[in-house]
Amino acid sequence: MKCQVCRGPAIIDVRRHNANFCPEHFLRLCRDQARKAIDEFSMLAPDDRVLVAVSGGKDSLAVWDILGQLGFAADGFYVGLGIGGYSDQSRGYAERFAAERGLTLHVDDLLRDHGFDVPNGSRAAKRAPCSACGLSKRHLFDEAARRGEYDAIVTGHNLDDEAAVLMGNVLHWQTDYLGRQSPHLPAANGFPKKVKPLVRLTERDTAAYCLLRGIDYLVDECPMAVGNKHLSYKAALNDIERDSPGAKHAFFFGFLDRAADRFADSTGETAGVTISPCTRCGAPSSNEICAFCRLAERATEAVPIELGRTRRRARSRP
Ligand code: Q46
Ligand code: ZN
Ligand code: ZN
């Protein structure tokens with residue numbers, strides 16, 4: 001197996017490109033694909049201040065590393081979700097990555113800073129754990145970006161993630177979600193810009209990238225992901241990809257090229273929804289009290305509060 005660029009010994013095959021690569025040229029491919037995604041979707045300006053949503057897993061650490069290699073000034077933001085040992089370990093990986101490279105990592109913690117965690121929040125609000133978790137992370141990332149005056153939030157979502165989400169949205173004809181399924185959501189209504197530079201890379205690519213770059217990441221999946229429908233969509237797409245290399249890419253980028261525009265009018269912003277500041281926290285919301293504050297209220301009602309305990313804000317937060 002020879003590298004398609006230098007004809008030296010290859011260590012990885014990338015079937016959707018019908019090519020093999022040596023370590024050096026595989027790493028270059030990953031950087032080039034991220035650069036291409038950034039340019040193709042006008043994700044970032046060279047002087048943008050970037051906040052990376054970091055989980056301690058391979059995708060978020062890979063995107064943080066690639067952004068640095070591409071010359072962007074990027075800080076990280078980690079949210080402790082209170083999911084037992086998984087959260088403790090993931091925080092450790094995120095902190096070590098930042099410390100070893102002299103990068104700035106801001107840390108927020110749901111229980112410490114907001115009085116609840118994902119398990120008790122989801123129980124109290126009668127929401128699936130991933131629903132309570134996703135809502136909390138979106139809110140806290142948005143708030144961190146606003147507080148720290150960052151221009152963009154970067155997430156490590158890759159092609160497998162985006163194709164699986166697209167499959168779920170198509171299966172259920174979630175037209176409002178289809179209208180927003182873009183790797184670049186521009187800033188609007190007080191929400192910061194959100195971009196996904198790894199949208200041209202797969203999970204296998206980012207795992208190989210981390211291995212080759214010596215990035216230590218948390219391999220374990222979140223224990224609360226069990227039963228998450230996206231995992232079954234990913235498995236189905238992997239089966240299709242095995243017989244049809246490039247199918248995932250064609251599915252997702254074909255949608256963006258040929259169909260996404262048709263759903264643009266289905267998004268909340270153009271469907272007559274008014275956005276105003278949440279009366280509790282000031283975050284932009286379509287309700288008087290934003291979804292996060294409502295979740296926090298229900299979740300903290302259900303949690304016995306220790307006497308003398310005050311909710312405090314972390315000094316390290318931006
Ligand atoms: S962390 Fe949170 Fe994921 Fe765990 S509870 Fe679900 S959404 S699976 S990215
Ligand atoms: Zn090579
Ligand atoms: Zn609020």
Side-chain angles (χ1 to χ4, degrees), residues 1-14 17 19-32 53-60 78-91 93-94 110 113-123 125 127-143 146-147 155-158 160-162 164-165 190-191 196 203 212 218 220-232 234 275-300:
M1 196 161 90
K2 289 194 168 140
C3 172
Q4 116 142 357
V5 181
C6 68
R7 310 309 296 164
I11 48 93
I12 188 165
D13 63 318
V14 183
H17 291 301
N20 307 316
F21 296 94
C22 70
E24 179 192 340
H25 291 116
F26 176 74
L27 291 174
R28 193 172 85 182
L29 172 85
C30 293
R31 285 193 299 270
D32 289 351
V54 180
S55 70
K58 62 187 182 317
D59 302 310
S60 58
Y78 172 89
V79 177
L81 303 168
I83 306 177
Y86 169 79
S87 289
D88 299 337
Q89 284 187 47
S90 59
R91 178 173 174 166
Y93 282 96
L110 266 185
D113 303 322
H114 303 281
F116 71 101
D117 57 22
V118 165
N120 64 40
S122 69
R123 264 193 306 275
R127 300 177 77 126
C130 290
S131 160
C133 177
L135 186 163
S136 302
K137 285 193 291 192
R138 280 192 299 279
H139 175 87
L140 296 174
F141 285 130
D142 287 345
E143 287 306 286
R146 285 200 308 149
R147 275 199 310 271
T155 59
H157 292 101
N158 56 46
D160 298 74
D161 298 319
E162 295 306 290
V165 170
F191 293 104
K196 302 172 181 174
E203 284 183 1
L212 293 171
L218 179 60
D220 296 346
E221 294 286 342
C222 170
M224 298 213 154
V226 178
N228 187 320
K229 292 218 173 45
H230 283 129
L231 293 182
S232 55
K234 275 188 183 177
I275 305 288
S276 54
C278 165
T279 52
R280 300 245 168 109
C281 71
S285 170
S286 53
N287 292 297
E288 191 184 329
I289 300 174
C290 77
F292 178 78
C293 285
R294 279 181 281 141
L295 171 66
E297 184 175 64
R298 295 182 70 177
T300 49

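Both ligands and their constituent atoms are indexed starting at 1 by order of listing.
Within ligand 1, counting atoms from 1 as listed, the ones closer than 4.0 Å to a heavy atom of C222 are 1 (S), 4 (Fe), 5 (S), 8 (S). The distance from ligand 1 to the heavy atoms of M224 drops below 4.0 Å at these ligand atoms: 5 (S). Using a 4.0 Å cut-off to heavy atoms of A225, the atoms of ligand 1 that qualify are 8 (S). Each of the following atoms of ligand 1 lies closer than 4.0 Å to a heavy atom of C130: 5 (S), 6 (Fe), 7 (S), 8 (S).
Counting all heavy atoms, side chain and backbone alike, G121 lies closest to F116 at CA-CD1, 3.9 Å. Minimum heavy-atom separation, H114 to T300: O-CG2, 3.6 Å. The two residues N158 and E203 have their closest heavy-atom pair at ND2-CG, 3.2 Å. Listed here is the closest heavy atom pair of C278 and C290: SG-N, 3.3 Å. Contact detail for A132 and R127: the closest heavy-atom pair is N-NE, 4.2 Å.
Taking OH of Y78 as the reference point, atom CZ of F141 lies at 9.5 Å (rounded to 0.5 Å).
Electrostatic pairing of K196 and D161 does not count as a salt bridge here, judged by no charged N lying under 4.0 Å from a carboxylate O. The pair R280-E297 meets the salt-bridge criterion, with a side-chain N (NZ, NE, NH1 or NH2) lying under 4.0 Å from an Asp/Glu carboxylate O.
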Under the criterion side-chain contact (heavy atoms from CB on, under 4.5 Å), I'd like the reasoning laid out for Q89 against D220: C-alpha separation, chi angles, the key distance, then a yes or no.
CA-CA 9 Å; Q89 284 187 47; D220 296 346; 4.3 Å; yes
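Relative orientation of the F26 and F21 rings is tilted, given thresholds of 30° and 60° on the angle between their planes.
Listed by chain and number, C3 SG, C6 SG, C22 SG, H25 ND1 are the protein N/O/S atoms closer than 2.8 Å to the Zn ion (ligand 2), with waters left out. Excluding waters, the protein N/O/S atoms found under 2.8 Å from the Zn ion (ligand 3) are C278 SG, C281 SG, C290 SG, C293 SG.
The side-chain heavy atoms of S60 and S55, taken from C-beta on, include a pair separated by under 4.5 Å. In this structure the side chain of I83 never reaches within 4.5 angstrom of the side chain of D117, judged on heavy atoms.
Counting heavy atoms closer than 4.0 Å to ligand 1, residue K137 contributes side-chain atoms (C-beta onward) but none from N, CA, C or O.
Metal site remark for atom 6 (Fe) of ligand 1: C133 contributes no N, O or S atom at a distance under 2.8 Å.
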